[in-house]
Student: 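Mind looking over this structure? Questions follow.
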Amino acid sequence: MLKQLSKQQVRLVVYSELDKFSLRIKAAQQRADAFFISPLDVPNIITTVTELIDHDSRQAGRVAIVEDDHVLAEHYELVLNAAGIETLIVNSVPNIISELLKFQPDLLLMDSKYTPEYSGPEIAGLLRQYRNFKRLPIVFLSSELNKTLQIHALSHGGDDF
């Protein structure tokens with residue numbers, strides 16, 4: 001029955017009279033989303049079920065992509081869309097602020113060497129000047145192996161390389 005429920009992507013919530021490690025590990029092995037013990041804490045159950053419903057109704061996330069290679073940007077977009085992630089490819093760096101404000105991404109993926117006009121670290125530094133983007137995670141995508149250049153990119157507002 002659990003295998004059939006899993007195939008249908010049904011959420012599993014467990015109730016037990018006992019709070020034992022062995023029971024909780026079995027629930028985790030069956031990918032249970034919650035484990036409740038006796039006596040029932042109704043407010044906690046309502047909160048947990050509401051969070052599970054809210055989580056299911058949201059998109060998996062929103063990712064903006066800044067990449068001058070259009071084929072590569074479209075590849076990233078296809079992979080992310082297949083995972084249920086909404087994407088935006090930023091095609092014009094001078095319009096990046098208005099596009100990001102409108103899209104409200106959860107993450108920005110960016111080429112560290114973007115164009116001859118602007119580098120990824122320069123764009124990251126520009127974004128960090130705006131309050132709305134102070135906490136936006138910026139991840140540089142590059143085959144750059146030089147640690148000094150990676151550190152330089154991260155010191156200008158990037159979060160990971």
Side-chain angles (χ1 to χ4, degrees), residues 1-14 25 27-35 46-161:
M1 182 173 85
L2 288 173
K3 287 181 183 179
Q4 288 176 327
L5 291 174
S6 178
K7 287 179 185 177
Q8 296 174 5
Q9 296 180 337
V10 173
R11 298 292 204 151
L12 176 62
V13 176
V14 175
I25 199 71
Q29 290 168 341
Q30 297 302 319
R31 295 193 172 111
D33 291 297
F35 190 99
I46 292 170
T47 300
T48 302
V49 170
T50 301
E51 289 171 353
L52 291 172
I53 291 168
D54 287 346
H55 177 75
D56 284 345
S57 65
R58 284 189 304 219
Q59 281 274 13
R62 299 165 71 87
V63 175
I65 303 164
V66 180
E67 171 63 62
D68 63 331
D69 181 335
H70 298 293
V71 173
L72 191 54
E74 288 176 4
H75 172 74
Y76 294 150
E77 181 178 49
L78 288 171
V79 170
L80 292 168
N81 289 165
I85 298 170
E86 190 176 346
T87 57
L88 166 75
I89 297 175
V90 177
N91 292 311
S92 171
V93 173
N95 296 330
I96 193 169
I97 300 303
S98 61
E99 289 187 48
L100 293 181
L101 285 171
K102 182 177 177 185
F103 184 66
Q104 293 294 306
D106 300 309
L107 173 69
L108 177 66
L109 298 178
M110 181 167 34
D111 185 348
S112 66
K113 296 178 183 172
Y114 187 63
T115 68
E117 298 170 351
Y118 313 104
S119 71
E122 290 170 340
I123 297 167
L126 169 96
L127 292 172
R128 296 300 188 215
Q129 295 172 11
Y130 291 83
R131 189 183 76 215
N132 292 14
F133 304 126
K134 290 268 187 215
R135 296 176 190 247
L136 174 65
I138 298 173
V139 176
F140 291 116
L141 299 174
S142 178
S143 58
E144 181 61 62
L145 298 176
N146 184 320
K147 294 291 182 192
T148 303
L149 293 175
Q150 289 180 2
I151 291 169
H152 172 75
L154 295 175
S155 69
H156 283 78
D159 294 298
D160 209 343
F161 208 94

Student: Nearest 0.5 Å, what's the CG-CD distance between Asp69 and Glu74?
Tutor: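 The distance works out to 9.5 Å.
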Student: Report the residues that fulfil side chain to side chain contact (heavy atoms under 4.5 Å, CB included) with Leu107, sequence neighbours left out, ordered by chain and then residue number.
Tutor: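 Applying side chain to side chain contact (heavy atoms under 4.5 Å, CB included) to Leu107 gives Val63, Leu109, Pro137, Val139.
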Student: Applying side chain to side chain contact (heavy atoms under 4.5 Å, CB included), name anything that partners Ile25, two or more places apart in sequence or on another chain.
Tutor: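 Partners of Ile25 under the side chain to side chain contact (heavy atoms under 4.5 Å, CB included) test: Phe21, Gln29.
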Student: Would you please name every residue forming a side chain to side chain contact (heavy atoms under 4.5 Å, CB included) with Ala34, sequence neighbours left out?
Tutor: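 Per chain and number, Ala34 pairs via side chain to side chain contact (heavy atoms under 4.5 Å, CB included) with Val13, Phe36, Thr48.
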Student: Do Val90 and Phe103 pass the side chain to side chain contact (heavy atoms under 4.5 Å, CB included) test, and can you show the C-alpha distance, the side-chain angles, and the key distance before you say yes or no?
Tutor: CA-CA 10 Å; Val90 177; Phe103 184 66; over 6 Å; no
Student: Return the CG to CG distance between Leu108 and Leu100, rounded to the nearest 0.5 Å.
Tutor: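 If I round to the nearest 0.5 Å, the distance is 6.0 Å.
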Student: List for me each residue that meets side chain to side chain donor-acceptor pair (under 3.5 Å) alongside Asn81, sequence neighbours excluded, and say none if there are none.
Tutor: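 Counting only residues at least two positions away or on another chain, Asn81 forms a side chain to side chain donor-acceptor pair (under 3.5 Å) with Thr87.
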Student: When rounded to the nearest 0.5 angstrom, what is the spacing between CG in Leu80 and CD in Glu86?
Tutor: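 Rounded to the nearest 0.5 Å, the CG-CD separation comes out at 11.5 Å.
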Student: Check side chain to side chain contact (heavy atoms under 4.5 Å, CB included) between Asp33 and all other residues, then give those that pass, not counting sequence neighbours.
Tutor: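 Side chain to side chain contact (heavy atoms under 4.5 Å, CB included) list for Asp33, sorted by chain: Arg11, Leu52.
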Student: Identify the heavy atoms of Leu88 and Glu99 that sit nearest to each other, and give their distance.
Tutor: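 Looks like CD2-O, 3.9 Å.
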Student: Which heavy atom in Ala32 sits nearest to a heavy atom in Val14, and how many Å separate them?
Tutor: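 Heavy atoms of Ala32 and Val14 come nearest at CB-CG2, 3.8 Å.
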Student: Would you mind reporting whether Pro105 and Leu136 have side-chain heavy atoms less than 4.5 Å apart?
Tutor: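 In contact.
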Student: So do the side chains of Ile97 and Phe133 get within less than 4.5 Å of each other, counting heavy atoms only?
Tutor: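 Of all side-chain heavy-atom pairs linking Phe133 with Ile97, at least one is under 4.5 Å.
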Student: I need the Asn95 CG to Leu101 CG distance, nearest 0.5 Å.
Tutor: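 Reported to 0.5 Å precision, the distance equals 12.0 Å.
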Student: At what distance, to the nearest 0.5 angstrom, does OH of Tyr118 lie from CG of Asp68?
Tutor: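 Reported to 0.5 Å precision, the distance equals 13.0 Å.
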Student: Tell me, do Leu126 and Ile96 make a side-chain contact under 4.5 Å, heavy atoms counted?
Tutor: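 The answer is yes; the side chains approach within 4.5 Å.
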Student: Could you pull out the closest heavy-atom pair between Glu77 and Ile65, with the gap in Å?
Tutor: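 Closest pair (atom of Glu77, atom of Ile65, distance): N-CD1, 3.8 Å.
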Student: Flag the pair His75 / Val71 as yes when at least one side-chain heavy-atom distance between them is below 4.5 Å, and no otherwise.
Tutor: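 Sidechains of Val71 and His75: no contact.
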Student: Out of curiosity, Glu122 CD to Glu117 CD, how far, rounded to the nearest 0.5 Å?
Tutor: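 Atom-to-atom, Glu122:CD and Glu117:CD are 10.5 Å apart.
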Student: Which pair of non-hydrogen atoms, one from Leu12 and one from Arg31, has the smallest distance, and what is that distance?
Tutor: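 For Leu12 versus Arg31, the nearest heavy atoms are CB-O, 4.5 Å.
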Student: Where is the tightest heavy-atom contact between Arg62 and Gln104, given as atom of each residue plus distance?
Tutor: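 Of all heavy-atom pairs spanning Arg62 and Gln104, the closest is NE-O, 3.5 Å.
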